[in-house]
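Data first, discussion second: the structure below is written as structure tokens.
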Amino acid sequence: MINFDEVPYEYYKPGTYIEAAANYDRAGLVAYPARALLMVQKLASGTAQALQLYRITRPEQGAALFGVGSVGDDMVRAWKKANKTTDVYAIAQGDDAAGVAATGTFTFTGAGAGVVPLYIGNVRIPVKITTGMTVTQMATAAVSAIALRAGLPVTASSAAGVVTLTARHKGEVGNHISHAVARRIDDSMPTGIAVAVGAMANGATNPDVQDILDAIAAERFTDVVVPWDDSGTLDALADDFAARFTAMGRKDGGVFVGHRGTFGALTTKCAITNSPHITPIGADGMIEPPWVWASALGGVAAFQLTNDPARQLRSLVLPGITAPPSAALFTEDEQNLLLQGGCSTFNALDDGAVTLDRVVTTYKMSPLGITDHAWMDIMVPRVLTRIRYDWSAWTSLTYPRSKLADDDSIAASQDTDGVIVTPKRMLGSWGARCRLYAARGWIENISDTLARSRFERDDTDRNRLNGKQPITIMGNLMILAGRLEFDA
């Protein structure tokens, strides 16, 4: 029997009545709506309203919305440099009223003449020193040179030969601002002049990320970047995105965060959470701040993993990121330990570029405290998300009004339009989709998948079909181990 949705039965008016409907039996993958979010910190000079979503289409929007030199300004520019196509939004929090701004120093000593190359982040600031200047005058000249550079994350003042840098933002973010003297290999200092660097420190109290999580509770974002890496923020994100990933949450997403610190500090940071939904990257001696690293990683990952969620990100360049000084790079043994501890690793090229090595989540152990690598690589939750999304969307498109019957149902045996679904028919549909996923290189061993998959009608609810669908996610060539022997 042919079934109609629009043409009524027992209709006697002469005419030709033709329905038009899509058939999804042979449909390819359902389009995946990647949607990214930058959680940012704004300055009072930014026009954005706190906790409001703004769609970002241009890199210069960050300066207007969140303030020139703000964390939000940095993050928008970094994302757009890494990813120009993924639909991205931003939501801001202002500085916490109880926050404290970080400070750091340049301290001038000696006498001489020439150009002192100061750096704030990756911005070079040449300070011209003339013969006869006192250290107080040198510091004043440095403040003037700094003031000429728009977009810096700090302001500067001086007294008695000391330049004090104050972060524009209150909070811990200011502690991660890098400043240095004569950073480049071709930099030199004027004879007789020295400048000591006092690291940025004492910034305290980040905005409360829970306010943002509450504001976006009904929204779905696939890729989220955060600038804050305190334990309260990371714990809240882990809980929120775990709930989003559940069958009833249905708002799968992953979080990217950057950490700045020594090997020990990164180990401590990555131990805060045990989440398959948080992906950190860290380095010692970062020139760009960690929120810029996180935005670059998030931009690259969102683009690449939307194209192919099963393919590793190794060797891809992080645009706009400068490698830390060689002395600050981690050894291979340290990198291996960082990976075990849930921190992504990178490689530094000779030209100063940074390429991704292995991108991992902070998931390290099972709920029973047993070492577990099941969710280690970022590709694992991304493949599961894509298959779950595609299967859910395709079945909704294919069987939107279907009836459910047992396999031996007489009505089902007569049905040729898919109006009646049975466990065997759904298993066949699952097999067809698995072949599509296997062809894309997302899963492998589909014969085993189909042999172990099953669908059955619920014992107590005749309107419910239960399924068990084991899959084997495609592997990646990360390690090639060989034994090269010679004849003795």
Side-chain angles (χ1 to χ4, degrees), residues 32-40 56 59 74-90 220-227 229 234 237-238 241 244-245 251-259 270 273 275-283 286 288-321 338-339 342-347 353-363 375-389 440-442 473-476 478:
Y32 182 68
R35 189 169 182 248
L37 177 68
L38 308 178
M39 296 183 182
V40 309
I56 303 299
D74 283 349
M75 292 176 68
V76 168
R77 292 182 187 279
W79 177 279
K80 281 299 183 180
K81 188 172 290 186
N83 185 329
K84 295 179 174 60
T85 58
T86 299
D87 195 19
V88 61
Y89 293 75
R220 174 184 174 274
F221 293 100
T222 57
D223 303 271
V224 177
V225 183
V226 296
D229 68 345
L234 296 177
L237 290 167
F241 280 80
R244 286 170 173 265
F245 192 76
K251 298 185 186 74
D252 300 19
V255 177
F256 298 91
V257 62
H259 302 310
C270 293
T273 60
S275 170
H277 314 298
I278 295 180
T279 294
I281 189 166
M286 281 182 172
E288 292 81 15
W291 53 88
V292 172
W293 280 65
S295 297
L297 173 57
V300 169
F303 179 86
Q304 298 293 338
L305 295 176
T306 298
N307 287 344
D308 188 344
R311 190 178 183 186
Q312 64 178 313
L313 303 176
R314 184 183 177 196
S315 81
L316 296 178
V317 173
L318 286 183
I321 300 299
L338 286 172
L339 290 169
C343 185
S344 303
T345 53
F346 65 91
N347 293 313
V354 168
T355 61
L356 294 171
D357 183 35
R358 189 166 185 172
V359 180
V360 299
T361 73
T362 64
Y363 183 85
W375 299 84
M376 175 181 178
D377 290 298
I378 191 174
M379 298 85 72
V380 173
R382 295 311 176 99
V383 170
L384 292 171
T385 287
R386 287 296 294 279
I387 291 178
R388 181 161 66 176
Y389 181 87
R440 289 291 183 121
W442 295 0
I473 296 175
M474 181 73 71
N476 279 265
M478 295 190 184

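Position 1 is the first residue of the sequence; numbering continues from there. Quick caveat: nothing in here was measured; it's all calculated off a predicted structure.
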* Asked: Under a 4.5 Å cut-off applied to non-hydrogen side-chain atoms, are His259 and Ile281 in contact?
  -> no
* Asked: To the nearest 0.5 Å, how far apart are CG in Leu38 and CG in Asp74?
  -> 11.5 Å
* salt bridge (Lys or Arg N to Asp or Glu O under 4.0 Å) against Arg311, all qualifying residues, sequence neighbours excluded -> none
Between side-chain atoms of residues 380-389 and protein atoms elsewhere (two or more places apart, or another chain), which donor-acceptor pairs fall under 3.5 Å?
{"from": "Arg382", "atom 1": "NH1", "to": "Asp223", "atom 2": "OD1", "distance (Å)": "2.8"}
{"from": "Arg382", "atom 1": "NH2", "to": "Asp223", "atom 2": "OD1", "distance (Å)": "3.0"}
{"from": "Thr385", "atom 1": "OG1", "to": "Asp252", "atom 2": "OD2", "distance (Å)": "2.8"}
{"from": "Thr385", "atom 1": "OG1", "to": "Pro381", "atom 2": "O", "distance (Å)": "3.0"}
{"from": "Arg386", "atom 1": "NH1", "to": "Thr306", "atom 2": "O", "distance (Å)": "2.6"}
{"from": "Arg388", "atom 1": "NH1", "to": "Phe245", "atom 2": "O", "distance (Å)": "3.1"}
{"from": "Arg388", "atom 1": "NH2", "to": "Phe245", "atom 2": "O", "distance (Å)": "2.6"}
{"from": "Arg388", "atom 1": "NH2", "to": "Asp252", "atom 2": "OD1", "distance (Å)": "2.9"}
{"from": "Arg388", "atom 1": "NH2", "to": "Asp252", "atom 2": "OD2", "distance (Å)": "2.7"}

* Going from CG on Leu297 to CH2 on Trp79, what distance comes out if it is rounded to the nearest 0.5 angstrom? -> 9.5 Å
* Structure fact -> Tightest non-hydrogen contact, residues Ala296 and Pro319, listed as CB-O, 4.0 Å
* Asked: Which atom names give the shortest non-hydrogen contact between Asn83 and Ala302, and what distance separates them?
  -> ND2-CB, 3.9 Å
* Asked: Can you name the closest pair of heavy atoms from Gly342 and Pro280 and give their distance?
  -> O-CG, 3.0 Å
* To do: Answer yes or no: is there a side-chain heavy-atom contact under 4.5 Å between Ser344 and Thr279?
  => yes
* Asked: Is the shortest heavy-atom distance from the side chain of Met39 to the side chain of Leu237 under 4.5 Å?
  -> yes
* Does the pair Ile278 and Phe241 meet the rule for a side chain to side chain contact (heavy atoms under 4.5 Å, CB included), with working shown? -> CA-CA 8 Å; Ile278 295 180; Phe241 280 80; over 6 Å; no
* For Trp291, ring-ring contact (aromatic ring centres under 6.0 Å, His included) partners two or more places apart -> none
* **Nearest non-hydrogen partners of Ala294 and Gly258, listed with the distance** => CB-N, 3.5 Å
* Structure fact -> One should read off an interatomic distance between Arg77 CZ and Ile56 CD1, to the nearest 0.5 angstrom, of 11.0 Å
* **Heavy-atom donor-acceptor pair, Thr361 side chain to Trp375 backbone, under 3.5 Å** => yes
* To do: Tell me, yes or no, whether the heavy-atom count around Lys81 atom NZ, taken from other residues, nucleotides or ligands under 6.0 Å, exceeds 12.
  => no
* Quick one: ring-ring contact (aromatic ring centres under 6.0 Å, His included) partners of Phe346, sequence neighbours excluded? -> Trp293
* Structure fact -> side-chain contact (heavy atoms from CB on, under 4.5 Å) filter on Ser315, not counting sequence neighbours, yields none
* Asked: Can you check whether Ser275's main-chain N or O pairs, donor with acceptor, with Thr362's side chain at less than 3.5 Å?
  -> yes
* Please identify each residue that fulfils side-chain hydrogen bond (donor to acceptor under 3.5 Å, both in side chains) with Arg220, with sequence neighbours left out. => Tyr32
* To do: Apply the test side chain to side chain contact (heavy atoms under 4.5 Å, CB included) to residues Val360 and Leu338: give CA-CA distance (whole Å), side-chain angles for both, the deciding distance (0.1 Å), then the verdict.
  => CA-CA 10 Å; Val360 299; Leu338 286 172; over 6 Å; no
* Asked: Heavy-atom distance under 4.5 Å between the side chains of Met286 and Val292, does that happen here?
  -> no
* When rounded to the nearest 0.5 angstrom, what is the spacing between CG in Asn476 and CE in Met379? -> 4.0 Å
* Where is the tightest heavy-atom contact between Tyr363 and Pro276, given as atom of each residue plus distance? -> CB-N, 3.9 Å
* **Spacing of CZ belonging to Arg35 relative to OG1 belonging to Thr86, to within rounding of 0.5 Å** => 13.0 Å
* Structure fact -> For Met75 and Pro227, the nearest pair of non-hydrogen atoms, with its separation, is SD-CB, 3.8 Å
* Asked: Can you find a pair of side-chain heavy atoms, one from Val300 and one from Phe256, that are under 4.5 Å apart?
  -> no
* Nearest-0.5 Å distance, CG of residue Leu234 to OG1 of residue Thr273 -> 5.5 Å
* Please determine if Asp377 and Arg358 form a salt bridge, counting it only when a charged side-chain N lies under 4.0 Å from a carboxylate O. => yes
